[in-house]
There are 2 protein chains.
Amino acid sequence: METSSIEIERAATILKLLGDKTRLTMLKMLDSHDYCVCEFVEIFKVSQPAISQHVRKLKDAGLVGETRRGQWIIYSLNKESDVFPLVQNLMNHLPNQDFKLQELEEQGLRISCE
Amino acid sequence: METSSIEIERAATILKLLGDKTRLTMLKMLDSHDYCVCEFVEIFKVSQPAISQHVRKLKDAGLVGETRRGQWIIYSLNKESDVFPLVQNLMNHLPNQDFKLQELEEQGLRISCE
DNA sequence: ATATTATATAAGTAAATCATTATATGCTAA
DNA sequence: TTAGCATATAATGATTTACTTATATAATAT
(Lines give C-alpha, C1' and ligand atoms only; values in the text may rest on other atoms or scores of the structure.)
Protein backbone atom coordinates (compact mmCIF):
# COMPACT_ATOMS: atom_id res chain seq x y z
CA MET A 1 0.00 0.00 0.00
CA GLU A 2 2.70 2.42 1.00
CA THR A 3 5.87 2.60 -1.04
CA SER A 4 9.03 3.89 0.64
CA SER A 5 8.11 7.44 1.50
CA ILE A 6 9.67 10.79 0.71
CA GLU A 7 9.79 13.71 3.08
CA ILE A 8 6.88 16.02 2.34
CA GLU A 9 9.08 19.05 1.89
CA ARG A 10 11.25 17.28 -0.65
CA ALA A 11 8.20 15.96 -2.46
CA ALA A 12 6.78 19.48 -2.67
CA THR A 13 10.05 20.72 -4.17
CA ILE A 14 10.00 18.00 -6.80
CA LEU A 15 6.34 18.56 -7.63
CA LYS A 16 6.91 22.28 -8.00
CA LEU A 17 9.65 21.49 -10.49
CA LEU A 18 7.31 19.21 -12.43
CA GLY A 19 4.54 21.77 -12.23
CA ASP A 20 5.81 23.42 -15.35
CA LYS A 21 4.57 22.31 -18.75
CA THR A 22 7.99 22.44 -20.39
CA ARG A 23 9.85 20.50 -17.69
CA LEU A 24 7.06 17.97 -17.28
CA THR A 25 7.03 17.32 -21.02
CA MET A 26 10.81 17.01 -21.02
CA LEU A 27 10.71 14.38 -18.31
CA LYS A 28 8.00 12.40 -20.07
CA MET A 29 10.07 12.54 -23.25
CA LEU A 30 13.16 11.38 -21.39
CA ASP A 31 11.11 8.46 -20.14
CA SER A 32 11.46 6.89 -23.59
CA HIS A 33 14.59 8.49 -25.11
CA ASP A 34 17.60 10.58 -24.28
CA TYR A 35 17.70 14.06 -25.76
CA CYS A 36 20.26 16.77 -26.31
CA VAL A 37 19.62 20.42 -25.61
CA CYS A 38 19.44 21.34 -29.28
CA GLU A 39 16.59 18.92 -29.80
CA PHE A 40 14.66 20.40 -26.92
CA VAL A 41 15.26 23.82 -28.42
CA GLU A 42 13.69 22.71 -31.69
CA ILE A 43 10.72 21.12 -29.95
CA PHE A 44 9.78 23.78 -27.45
CA LYS A 45 9.17 27.23 -28.78
CA VAL A 46 11.56 28.96 -26.42
CA SER A 47 15.14 30.20 -26.56
CA GLN A 48 18.17 28.01 -26.00
CA PRO A 49 19.02 29.66 -22.68
CA ALA A 50 15.49 28.96 -21.48
CA ILE A 51 15.99 25.28 -22.27
CA SER A 52 19.39 25.25 -20.57
CA GLN A 53 17.83 26.74 -17.47
CA HIS A 54 15.09 24.14 -17.39
CA VAL A 55 17.42 21.17 -17.73
CA ARG A 56 19.71 22.67 -15.14
CA LYS A 57 16.88 22.73 -12.63
CA LEU A 58 16.05 19.12 -13.39
CA LYS A 59 19.70 18.23 -13.01
CA ASP A 60 20.12 20.18 -9.75
CA ALA A 61 17.18 18.25 -8.34
CA GLY A 62 18.87 15.01 -9.33
CA LEU A 63 16.10 14.03 -11.74
CA VAL A 64 18.28 13.90 -14.83
CA GLY A 65 21.91 13.28 -15.63
CA GLU A 66 24.05 14.60 -18.46
CA THR A 67 26.76 13.09 -20.65
CA ARG A 68 28.85 14.99 -23.09
CA ARG A 69 29.09 13.48 -26.56
CA GLY A 70 31.35 15.63 -28.68
CA GLN A 71 29.92 19.10 -28.67
CA TRP A 72 26.52 17.88 -27.56
CA ILE A 73 25.31 17.23 -24.08
CA ILE A 74 22.85 14.41 -23.80
CA TYR A 75 20.35 14.40 -20.97
CA SER A 76 18.77 11.26 -19.56
CA LEU A 77 16.51 10.26 -16.70
CA ASN A 78 18.39 9.51 -13.52
CA LYS A 79 16.95 6.19 -12.44
CA GLU A 80 19.06 6.17 -9.29
CA SER A 81 17.31 9.17 -7.79
CA ASP A 82 15.45 8.55 -4.55
CA VAL A 83 12.40 10.16 -6.11
CA PHE A 84 12.59 8.19 -9.32
CA PRO A 85 9.81 5.79 -8.24
CA LEU A 86 7.50 8.74 -7.62
CA VAL A 87 8.42 10.37 -10.91
CA GLN A 88 8.05 7.13 -12.81
CA ASN A 89 4.67 6.64 -11.24
CA LEU A 90 3.58 10.08 -12.29
CA MET A 91 4.75 9.55 -15.83
CA ASN A 92 2.36 6.65 -16.22
CA HIS A 93 -0.50 9.11 -16.06
CA LEU A 94 0.81 11.21 -18.93
CA PRO A 95 0.35 10.69 -22.66
CA ASN A 96 3.35 9.46 -24.60
CA GLN A 97 5.31 12.23 -26.32
CA ASP A 98 7.06 10.21 -28.99
CA PHE A 99 5.19 12.12 -31.69
CA LYS A 100 7.49 15.03 -30.91
CA LEU A 101 10.49 12.93 -31.86
CA GLN A 102 8.74 11.93 -35.08
CA GLU A 103 8.09 15.55 -35.92
CA LEU A 104 11.76 16.27 -35.44
CA GLU A 105 12.73 13.45 -37.74
CA GLU A 106 10.28 14.59 -40.39
CA GLN A 107 11.93 17.97 -40.32
CA GLY A 108 15.36 16.37 -40.51
CA LEU A 109 16.34 18.05 -37.26
CA ARG A 110 17.13 14.95 -35.31
CA ILE A 111 20.21 14.05 -37.36
CA SER A 112 22.23 16.92 -35.94
CA CYS A 113 23.07 15.29 -32.63
CA GLU A 114 23.97 11.82 -33.89
CA MET B 1 1.49 -0.14 -17.79
CA GLU B 2 -0.31 3.02 -18.72
CA THR B 3 -3.29 4.20 -16.67
CA SER B 4 -5.84 6.46 -18.36
CA SER B 5 -3.84 9.53 -19.17
CA ILE B 6 -4.21 13.20 -18.36
CA GLU B 7 -3.36 16.03 -20.71
CA ILE B 8 0.14 17.25 -19.94
CA GLU B 9 -0.95 20.83 -19.47
CA ARG B 10 -3.58 19.84 -16.95
CA ALA B 11 -1.13 17.59 -15.13
CA ALA B 12 1.36 20.45 -14.89
CA THR B 13 -1.33 22.67 -13.38
CA ILE B 14 -2.18 20.05 -10.78
CA LEU B 15 1.46 19.40 -9.96
CA LYS B 16 2.14 23.08 -9.55
CA LEU B 17 -0.72 23.19 -7.07
CA LEU B 18 0.75 20.26 -5.16
CA GLY B 19 4.21 21.78 -5.33
CA ASP B 20 3.52 23.75 -2.19
CA LYS B 21 4.31 22.26 1.20
CA THR B 22 1.13 23.48 2.83
CA ARG B 23 -1.23 22.27 0.12
CA LEU B 24 0.58 18.97 -0.31
CA THR B 25 0.37 18.32 3.41
CA MET B 26 -3.31 19.27 3.43
CA LEU B 27 -4.05 16.77 0.69
CA LYS B 28 -2.14 14.02 2.43
CA MET B 29 -4.07 14.79 5.61
CA LEU B 30 -7.37 14.73 3.73
CA ASP B 31 -6.39 11.31 2.47
CA SER B 32 -7.24 9.92 5.90
CA HIS B 33 -9.68 12.44 7.44
CA ASP B 34 -11.86 15.41 6.60
CA TYR B 35 -10.80 18.72 8.11
CA CYS B 36 -12.34 22.13 8.65
CA VAL B 37 -10.52 25.36 7.97
CA CYS B 38 -10.09 26.16 11.66
CA GLU B 39 -8.20 22.92 12.19
CA PHE B 40 -5.86 23.71 9.33
CA VAL B 41 -5.31 27.13 10.83
CA GLU B 42 -4.21 25.52 14.11
CA ILE B 43 -1.93 23.06 12.37
CA PHE B 44 -0.15 25.27 9.88
CA LYS B 45 1.55 28.32 11.24
CA VAL B 46 -0.11 30.76 8.88
CA SER B 47 -3.07 33.13 9.01
CA GLN B 48 -6.67 32.08 8.43
CA PRO B 49 -6.89 33.92 5.10
CA ALA B 50 -3.78 32.10 3.91
CA ILE B 51 -5.48 28.79 4.68
CA SER B 52 -8.69 29.88 2.96
CA GLN B 53 -6.72 30.78 -0.13
CA HIS B 54 -4.97 27.42 -0.20
CA VAL B 55 -8.17 25.39 0.13
CA ARG B 56 -9.84 27.57 -2.47
CA LYS B 57 -7.13 26.70 -4.96
CA LEU B 58 -7.53 23.03 -4.22
CA LYS B 59 -11.27 23.39 -4.62
CA ASP B 60 -11.03 25.38 -7.86
CA ALA B 61 -8.88 22.61 -9.28
CA GLY B 62 -11.53 20.09 -8.29
CA LEU B 63 -9.23 18.26 -5.90
CA VAL B 64 -11.35 18.82 -2.80
CA GLY B 65 -14.99 19.44 -2.03
CA GLU B 66 -16.59 21.37 0.79
CA THR B 67 -19.66 20.83 2.95
CA ARG B 68 -21.03 23.33 5.38
CA ARG B 69 -21.80 21.98 8.83
CA GLY B 70 -23.26 24.78 10.90
CA GLN B 71 -20.75 27.57 10.94
CA TRP B 72 -17.93 25.27 9.88
CA ILE B 73 -16.95 24.26 6.41
CA ILE B 74 -15.55 20.79 6.11
CA TYR B 75 -13.17 19.93 3.32
CA SER B 76 -12.70 16.45 1.90
CA LEU B 77 -10.88 14.79 -0.97
CA ASN B 78 -12.91 14.71 -4.15
CA LYS B 79 -12.62 11.11 -5.26
CA GLU B 80 -14.62 11.79 -8.41
CA SER B 81 -11.98 14.07 -9.87
CA ASP B 82 -10.42 12.91 -13.12
CA VAL B 83 -7.01 13.44 -11.54
CA PHE B 84 -7.83 11.60 -8.33
CA PRO B 85 -5.98 8.44 -9.44
CA LEU B 86 -2.84 10.48 -10.05
CA VAL B 87 -3.19 12.29 -6.75
CA GLN B 88 -3.90 9.09 -4.86
CA ASN B 89 -0.86 7.54 -6.44
CA LEU B 90 1.29 10.43 -5.36
CA MET B 91 0.01 10.28 -1.82
CA ASN B 92 1.32 6.76 -1.48
CA HIS B 93 4.83 8.15 -1.61
CA LEU B 94 4.27 10.54 1.28
CA PRO B 95 4.53 9.88 5.00
CA ASN B 96 1.28 9.68 6.94
CA GLN B 97 0.34 12.92 8.67
CA ASP B 98 -2.00 11.57 11.33
CA PHE B 99 0.37 12.75 14.04
CA LYS B 100 -0.85 16.26 13.29
CA LEU B 101 -4.37 15.24 14.23
CA GLN B 102 -3.07 13.70 17.44
CA GLU B 103 -1.27 16.92 18.30
CA LEU B 104 -4.51 18.81 17.82
CA GLU B 105 -6.35 16.43 20.10
CA GLU B 106 -3.69 16.69 22.77
CA GLN B 107 -4.13 20.44 22.73
CA GLY B 108 -7.91 20.04 22.90
CA LEU B 109 -8.26 21.97 19.66
CA ARG B 110 -10.06 19.34 17.72
CA ILE B 111 -13.28 19.48 19.72
CA SER B 112 -14.23 22.88 18.30
CA CYS B 113 -15.55 21.64 14.98
CA GLU B 114 -17.56 18.67 16.22
C1' DA C 1 44.74 29.94 -35.48
C1' DT C 2 40.01 31.02 -36.65
C1' DA C 3 35.22 30.28 -37.54
C1' DT C 4 31.32 27.65 -36.36
C1' DT C 5 28.31 25.16 -33.53
C1' DA C 6 26.40 23.64 -28.89
C1' DT C 7 25.73 24.85 -24.43
C1' DA C 8 26.02 27.68 -20.13
C1' DT C 9 25.88 31.80 -17.47
C1' DA C 10 24.70 36.71 -16.44
C1' DA C 11 21.70 40.44 -16.14
C1' DG C 12 17.31 42.41 -16.54
C1' DT C 13 12.15 42.31 -16.51
C1' DA C 14 7.14 41.17 -16.41
C1' DA C 15 4.13 38.17 -14.29
C1' DA C 16 2.88 34.88 -10.82
C1' DT C 17 2.95 33.39 -6.04
C1' DC C 18 2.28 33.39 -1.13
C1' DA C 19 2.05 35.73 2.66
C1' DT C 20 0.01 39.70 5.41
C1' DT C 21 -3.76 43.06 7.34
C1' DA C 22 -8.34 44.84 6.87
C1' DT C 23 -12.93 43.97 5.93
C1' DA C 24 -17.14 41.45 4.42
C1' DT C 25 -20.29 37.52 4.79
C1' DG C 26 -22.87 33.96 7.04
C1' DC C 27 -24.27 31.11 10.74
C1' DT C 28 -25.39 30.64 15.84
C1' DA C 29 -26.79 31.90 20.26
C1' DA C 30 -28.06 35.23 23.79
C1' DT D 1 -31.38 42.34 17.08
C1' DT D 2 -26.93 42.14 18.47
C1' DA D 3 -22.56 39.76 19.63
C1' DG D 4 -19.37 36.34 18.50
C1' DC D 5 -17.24 32.87 15.90
C1' DA D 6 -15.86 30.68 11.24
C1' DT D 7 -14.81 31.60 6.79
C1' DA D 8 -14.14 34.35 2.47
C1' DT D 9 -12.62 38.18 -0.17
C1' DA D 10 -9.92 42.45 -1.17
C1' DA D 11 -5.90 45.04 -1.29
C1' DT D 12 -1.06 45.19 -0.84
C1' DG D 13 3.80 43.87 -0.78
C1' DA D 14 8.02 40.86 -0.91
C1' DT D 15 9.81 37.02 -3.24
C1' DT D 16 10.15 33.81 -6.92
C1' DT D 17 9.64 32.41 -11.55
C1' DA D 18 10.32 32.02 -16.43
C1' DC D 19 11.37 34.26 -19.97
C1' DT D 20 14.42 37.51 -22.84
C1' DT D 21 19.09 39.38 -24.85
C1' DA D 22 23.98 39.54 -24.47
C1' DT D 23 28.03 37.18 -23.58
C1' DA D 24 31.17 33.39 -22.12
C1' DT D 25 32.91 28.65 -22.57
C1' DA D 26 33.95 24.40 -24.89
C1' DA D 27 34.35 21.27 -28.67
C1' DT D 28 34.85 20.70 -33.83
C1' DA D 29 36.24 21.63 -38.46
C1' DT D 30 38.71 24.19 -41.83
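Within every chain, numbering begins at 1; the chains are lettered A, B, ... in the order of the sequence lines, protein sequences first and strands thereafter.
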Taking any heavy-atom pair under 4.0 Å as a contact, classify B:Tyr75: base, sugar-phosphate, or nothing. sugar-phosphate
Name the nucleic acid region contacted by B:Lys21, choosing base, sugar-phosphate or nothing; use a 4.0 angstrom heavy-atom cut-off, strictly under. nothing
Using the 3.5 Å cut-off, write out each protein N or O paired with an N or O of nucleotides 24-30 of chain D and the distance between them.
none

Tell me whether the side-chain N/O atoms of B:His54 come closer than 4.0 Å to OP1 or OP2 in C:dA19. yes
Correct closest heavy-atom pair for A:Met91 and A:Leu27 would be CE-CB, 3.4 Å
Carboxylate-amine/guanidinium contact A:Arg10 A:Asp82, below 4.0 Å: yes
Rounded to the nearest Å, what distance is computed from the CZ atom of residue B:Phe40 to the C1' atom of nucleotide D:dT7? 14 Å
Please state how far atom NZ in B:Lys45 lies from atom C1' in C:dC18, giving the value in whole angstrom units. 19 Å
Phosphate oxygens OP1/OP2 of C:dA19: is one of them under 4.0 Å from a side-chain N or O of B:Ser47? no
Treating A:Gln53 as the side-chain partner and A:Ala50 as the backbone partner, does any N or O pair qualify as donor plus acceptor under 3.5 Å? no
In this structure, how many angstroms lie between the P atom of C:dT5 and the CD atom of A:Glu39, rounded? 17 Å
Could you label the plane-to-plane angle of the B:Tyr35 and B:His33 rings as parallel, tilted or perpendicular, counting under 30° as parallel and over 60° as perpendicular? perpendicular
Which of D:dT7, C:dT9, C:dA19 is nearest the side chain of B:Ala50? It is C:dA19
Please state how far atom CG in B:Leu18 lies from atom P in C:dC18, giving the value in whole angstrom units. 12 Å
Test your reading of the model: is there a side-chain donor-acceptor pair from A:Gln71 to the backbone of A:Arg69, 3.5 Å cut-off? no
Would you say D:dA8 has OP1 or OP2 under 4.0 Å from some side-chain N or O of B:Arg56? no
Give the nucleotide from the list D:dT20, D:dT7, D:dA8 with an atom nearest to the side chain of B:Glu66. D:dA8
Using only modelled atom types and a 3.5 angstrom limit, is any donor from either the side chain of A:Gln53 or the base of D:dT20 paired with an acceptor on the other? yes
B:Leu15 has an atom CG; how far is it from atom P of D:dT17, in whole Å? 16 Å
Between A:Arg56 and A:Leu58, is there a donor-acceptor pair closer than 3.5 Å when you use the side chain of the first and the backbone of the second? no
Identify the two heavy atoms, one from B:Leu63 and one from B:Ser81, that lie closest to each other, and give their separation to 0.1 Å. CD2-OG, 4.4 Å
Spacing of B:Met26 atom CE relative to C:dC18 atom P, expressed in whole Å: 12 Å
Whole-Å distance, B:Asp60 CG to C:dC18 P, equals 14 Å
Any base atoms under 4.0 Å from A:Lys57, or only sugar-phosphate, or nothing? Heavy atoms, all strands. sugar-phosphate
Let me know, please, whether A:Pro49 or A:Lys16 comes out on the 5' side of the other along DNA chain D by nearest nucleotide. A:Lys16
